Amino acid sequence: MSSRKVTITSPGPILSGTVSTVHAKCGRPTCRCYHDRKYLHGPYYRWSGRINGRHTTRTISEEIARECQKRIENYKELQRKIDQTVANALDQAPWMQARNK
Ligand SMILES: [Zn+2]
């Protein structure tokens with residue numbers, strides 16, 4: 001039976017979770033957002049995901065948000081590669097190899 005190793009590589013650094021933008025009110029009575037119901041500050045960027053099993057949110061800069069987004073895309077690409085490799089592995093399933101002998 002074949003025992004070849006399977007190697008899957010990521011196109012770059014990876015990151016789990018999601019990046020989102022938030023608009024918010026600061027709550028200061030002197031601020032425009034206090035009087036104008038539609039006025040909000042932002043956008044603020046944040047990363048949400050799980051760290052050690054706990055749902056975590058981090059406020060991040062726009063620059064960091066872009067880097068996070070890039071790494072999240074890499075992670076998705078890696079997941080696609082894994083799914084593809086797993087699907088292809090069925091062609092090499094143990095019962096297929098037994099039949100070919
Ligand atoms: Zn405000």
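The structure displayed is predicted, hence computed values, not measured ones. All heavy atoms count here, side chains included; hydrogens, waters and symmetry mates do not. In listed order, ligands and their atoms are each counted from 1.
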Only residue of Val19, Thr18, Leu15 satisfying side-chain contact (heavy atoms from CB on, under 4.5 Å) with Gln69 is Val19

Apply the side-chain contact (heavy atoms from CB on, under 4.5 Å) test between Cys33 and each candidate in Lys25, Lys38, His23; give the one that qualifies. Lys25

According to salt bridge (charged side-chain N to carboxylate O under 4.0 Å, His left out), who are the partners of Arg58, at least two apart in sequence or on a separate chain? none

May I ask you to decide whether Arg80 forms a salt bridge with Glu77, counting only side-chain N to carboxylate O separations under 4.0 Å? yes

May I ask you to say whether Glu63 pairs ionically with Arg66, meaning some side-chain N is under 4.0 Å from a carboxylate O? no

Note on the Zn ion (ligand 1): protein N/O/S atoms within less than 2.8 Å are Cys26 SG, Cys31 SG, Cys33 SG, His41 NE2

Do other residues, nucleotides or ligands put more than 12 heavy atoms under 6.0 Å from the OH atom of Tyr39? yes

